[in-house]
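One-based numbering, in listed order, for ligands and for the atoms of each. One-based numbering along the sequence shown.
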Amino acid sequence: MLSRRDYLKYSALAGAACAFPASLLRALEAGDIIKRAIPVTGEELPVVGLGSSATFRTVAQSDDVTALRGVLQTLVENGGTVFDTAPGYGASEEVAGQIVQDLGLQEKVFWATKVNVAPRGGGSADPAAARAQIDRSFEYIGKDPIDLIQVHNLGDVPTQMGILKDLKEEGRVRYIGVTSTSSSRYPDLEQVMRDESVDFIGVDYAVDNRESAESVLPLAQELGIGVLAYVPFGRTRLWARVRGLEVPDWAQEFGADTWGKFFIKYVISHPAITCVTPATSKPENMLDNIGAAFGDLPDEATRRRMAEFVDALPSA
Ligand SMILES: NC(=O)c1ccc[n+]([C@@H]2O[C@H](COP(=O)([O-])OP(=O)(O)OC[C@H]3O[C@@H](n4cnc5c(N)ncnc54)[C@H](OP(=O)(O)O)[C@@H]3O)[C@@H](O)[C@H]2O)c1
């Protein structure tokens with residue numbers, strides 16, 4: 001794992017490569033970044049953030065993490081705040097925490113992490129281990145309270161949600177929630193949404209993966225639960241489906257001039273979504289993704305057209 005000293009060495013080398021003057025231009029041209037209210041408090045969040053599994057995680061584990069500094073700077077310089085991470089994402093949380101602290105951005109980043117020490121496939125979580133895992137998150141980000149902690153993948157919810165509730169009561173975490181990106185577990189997710197006072201859920205949603213919109217997203221709206229939308233590109237799936245294809249002309253009408261914006265604008269135009277957190281390891285892709293949070297969004301008829309367009313593409 002990368003030490004803080006190593007990180008500082010790498011980040012010194014990054015130097016001027018991290019300046020993105022295009023960011024200000026974009027904001028001036030397209031107006032303010034679109035925000036959504038967290039239902040339970042009304043606090044507004046920019047509708048596009050950053051995730052940290054996939055390629056972000058791979059780079060975080062490598063010897064050179066300078067690109068991630070550019071990614072996090074690009075997020076914040078363009079008005080984004082939400083960073084979704086987890087102790088389960090290798091070095092992502094530690095490295096991002098070092099970068100954010102180094103840049104003095106702790107208060108500008110909405111830090112959404114997770115807890116899970118339950119065995120894979122079910123079983124009990126050791127409460128002491130769960131608390132120790134959360135203590136490490138506090139250490140990495142250097143921010144207290146942490147903005148959001150969710151029980152990752154529905155792991156031993158009674159034990160781990162109990163710990164999160166205690167932390168919330170103590171004022172050490174502002175919001176609590178639970179995540180699942182497995183449709184076979186949506187019924188369990190919905191049960192937790194009904195039984196526990198969760199502020200957020202994290203769930204998968206993409207233009208070619210719309211199952212969560214059948215019952216999970218409407219339930220979140222009904223119960224006033226915020227939603228972090230995960231895996232908006234299906235990781236590599238959607239990229240494979242559109243390889244070699246131009247974005248259709250009609251998508252320019254709502255500002256989708258890249259596939260990244262097309263996929264993200266579909267997700268954030270669902271009214272249940274509070275914020276989408278695509279992962280990237282590249283500052284230029286972060287700029288592309290956050291660009292989807294400016295300008296117009298597709299209406300209902302256009303959303304149907306987008307889904308039909310993607311459904312007609314060959315499977316990846
Ligand atoms: N159960 C859970 O709690 C759970 C489960 C899954 C995901 N999540 C969260 O949701 C986040 C997003 O999901 P994900 O990381 O699985 O997949 P994703 O965001 O759907 O896809 C990430 C992939 O898209 C590429 N990409 C990103 N922006 C791009 C752009 N503008 N143009 C071209 N390629 C682009 C990235 O590569 P480059 O590096 O080349 O940009 C990477 O390969 C995760 O990182 C995590 O924070 C949570």
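Salt bridge status for D296 with K265: absent, with no side-chain N to carboxylate O gap under 4.0 Å. Electrostatic pairing of D257 and K261 counts as a salt bridge here, judged by a charged N lying under 4.0 Å from a carboxylate O.
Protein residues with a heavy atom under 4.0 Å from ligand 1 are G51, S52, S53, A54, T55, D84, Y89, K114, H152, N153, T179, T181, Y230, V231, P232, F233, G234, R235, W239, T277, P278, A279, T280, S281, K282, N285, D288, N289.
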Can I get a per-line list of side-chain donor-acceptor pairs under 3.5 Å for residues 213-232, giving both atom names and the distance, sequence neighbours left out?
{"from": "S215", "atom 1": "OG", "to": "E190", "atom 2": "OE2", "distance (Å)": "2.6"}
{"from": "Y230", "atom 1": "OH", "to": "D84", "atom 2": "OD1", "distance (Å)": "2.7"}
{"from": "Y230", "atom 1": "OH", "to": "Q150", "atom 2": "NE2", "distance (Å)": "3.1"}

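Of the residues listed (I134, I141, D147, I146), the one engaging T113 in a side chain to side chain contact (heavy atoms under 4.5 Å, CB included) is I146, and it is the only one.
The side-chain tip of R172 points at the ring of F138 from less than 6.0 angstrom away and within 45° of straight on.
A donor-acceptor pair shorter than 3.5 Å can be found between the side chains of S53 and R235.
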